[in-house]
Amino acid sequence: PLQVPALGLHVRGPAMLASQKDFNNAVSQVKLLKEDPGNEVKLKLYALYKQATEGPCNVPKPGMLDFINKTKWDAWNALGSLSKEAARQNYVDLVSRLSASSESPSPEAPAADRKQPESDSLVVTSEDGITTIRLNRPAKKNALTTQMYHDIIAALQAASKDESAITVLTGSGDYYCSGNDLTNFTHLPAGGLEEMARSAAALLRDFVNCFIDFPKPLVAVVNGPAVGISVTILGLFDVVYATDRASFHTPFSHLGQSPEGCSSYTFPKIMGSSKAAEMLLFGKKLTAQEACAQGLVTEVFPDGTFQKEVWARLKAYSKLPPNAMRISKQIIRNREKEKLHAVNAEESSVLRERWQSDECMNAIASFLSRKAKL
Ligand SMILES: CCCCC/C=C/C(=O)SCCNC(=O)CCNC(=O)[C@H](O)C(C)(C)COP(=O)(O)OP(=O)(O)OC[C@H]1O[C@@H](n2cnc3c(N)ncnc32)[C@H](O)[C@@H]1OP(=O)(O)O
């Protein structure tokens, strides 16, 4: 068979081609897949569907900043003059491979039992009664990729069951975390912007739920500036230690977005409604000292002695009776767990709409085209 280079697909002879009925069945089957096949595969499915139903790409190339439609256009255009029938067959073959692999049992351990993350961007270690989850993408200021959200969920689930007494989240390099990786929004699935927003909202909700439900003491060791979701979820930690080099920035309006991480509830509760509004509506950046004065940060340390002082303290705390700490945390958290879950659901659903807005798309395009920086 011939190969279509960009997508690695095969062109078959006419005798082997799938019927329109096979194709229609495959289109229905895609919606029933148990596992998300990932953005690359979804893009292939999109391109083959367009080629099978409309023939070779016949619409103008979208502009440079319209990165979502341009990615889809590129995938469709890469199929060149592949016939509708061959595209139909390739679509059917691809769906049948996806269905087979989603039926067969996974050789991997369930995510909750997996200790090591899928990528090097997260490092999980356990020592001295402390499980440390370290964001490890310093060249990108520890911006959170979609894979990292999944890995953090898995790491928290594993830490909730391991032997450690305390769990810590921290960052590598000069930043704690620059928030959501804005390129997450450029990998458009076959279902388009709407599907991207739906799956991001579901991931956000699962991610934040893990912090709400985490059963042991959870400590943030904020080793540098923090942006976006890495700031909002601090309201769900039990203790937050920060270097005096840290800053806390939630520029949601600048990004055409709205608060998450339960911050629409925790921030007004922690710092009062007016200070919370300055951060969440106007994107006021707080210094470490200001964040401490507002109650978001527990204690600020000089950068030169930050690591030494904080880890010495955490090692001492980790020797306290672990069951007593768990039970005490549960009593505190149980007071408002239901409320936090409701807030998380609402914030995720509002963001699902926001992510489809022009305000949000334009802000992301500006950042990616280097026009905007916070
Ligand atoms: C699915 C759940 C979604 C949850 C919703 C979450 C929302 C949020 O978290 S909103 C906040 C999103 N974050 C941002 O808007 C920050 C964007 N970044 C910046 O404004 C700046 O990069 C900076 C202020 C964080 C740092 O500036 P600077 O010190 O000048 O460093 P560089 O800009 O040169 O950054 C180095 C390198 O890292 C890349 N990068 C940094 N942050 C992000 C990011 N959030 N997403 C993607 N990429 C990021 C930056 O592009 C540079 O890359 P290279 O040019 O390739 O070196």
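We count residues from 1, following the sequence as given. All ligand and atom numbering here is 1-based and tracks the order in the structure. Worth knowing before you read on, the calculation uses all heavy atoms, side chains too, and leaves out hydrogens, waters and symmetry mates.
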Quick one: does Ala139 get a heavy atom under 4.0 Å from ligand 1? yes

Check Arg333 against Ile212 and note the closest heavy-atom contact, atom names and distance. NH1-O, 3.0 Å

Considering the heavy atoms of Glu260, write down every atom of ligand 1 situated less than 4.0 Å from one of them. 5 (C), 6 (C), 7 (C), 8 (C)

Does at least one non-hydrogen atom of Phe185 fall below 4.0 angstrom from an atom of ligand 1? no

Would you say the side-chain atoms of Asn25 and Gln29 include a donor-acceptor pair closer than 3.5 Å? no

At less than 4.0 angstrom from any non-hydrogen atom of Ala143, what atoms of ligand 1 do you find? 43 (C), 44 (C), 45 (N), 46 (N)

Is the closest basic N to carboxylate O distance between Arg352 and Glu194 below 4.0 Å? no

Polar-atom distance check: Leu182 versus ligand 1, any N or O pair below 3.5 Å? yes

Please confirm whether Tyr175 comes under 4.0 Å of ligand 1, counting heavy atoms of the residue only. yes

Parallel, tilted or perpendicular, judged at 30° and 60°: which one describes the rings of Phe301 and Tyr241? perpendicular

Say whether Thr232 and Ser263, considering side chains only, have a donor N or O and an acceptor N or O under 3.5 Å apart. no

Ligand 1 N/O within reach of Lys140 N/O, cut-off under 3.5 Å: yes

Just distances here: any N/O of Asn180 and N/O of ligand 1 closer than 3.5 Å? yes

Among side-chain atoms of Tyr175 and Asn223, is any donor-acceptor pair under 3.5 angstrom? no

Atoms of ligand 1 under 4.0 Å from any heavy atom of Leu255, numbered from 1 in the order shown, are 10 (S), 11 (C), 12 (C), 15 (O)

Looking at Trp355, which atoms of ligand 1 are within less than 4.0 Å of one of its heavy atoms? 3 (C), 5 (C)

For the pair Lys216 and Asp238, find out whether any cationic side-chain nitrogen is under 4.0 Å from an anionic carboxylate oxygen. no

With a cut-off of 4.0 Å, which atoms of ligand 1 are near a heavy atom of Gly228? 8 (C), 9 (O), 11 (C)

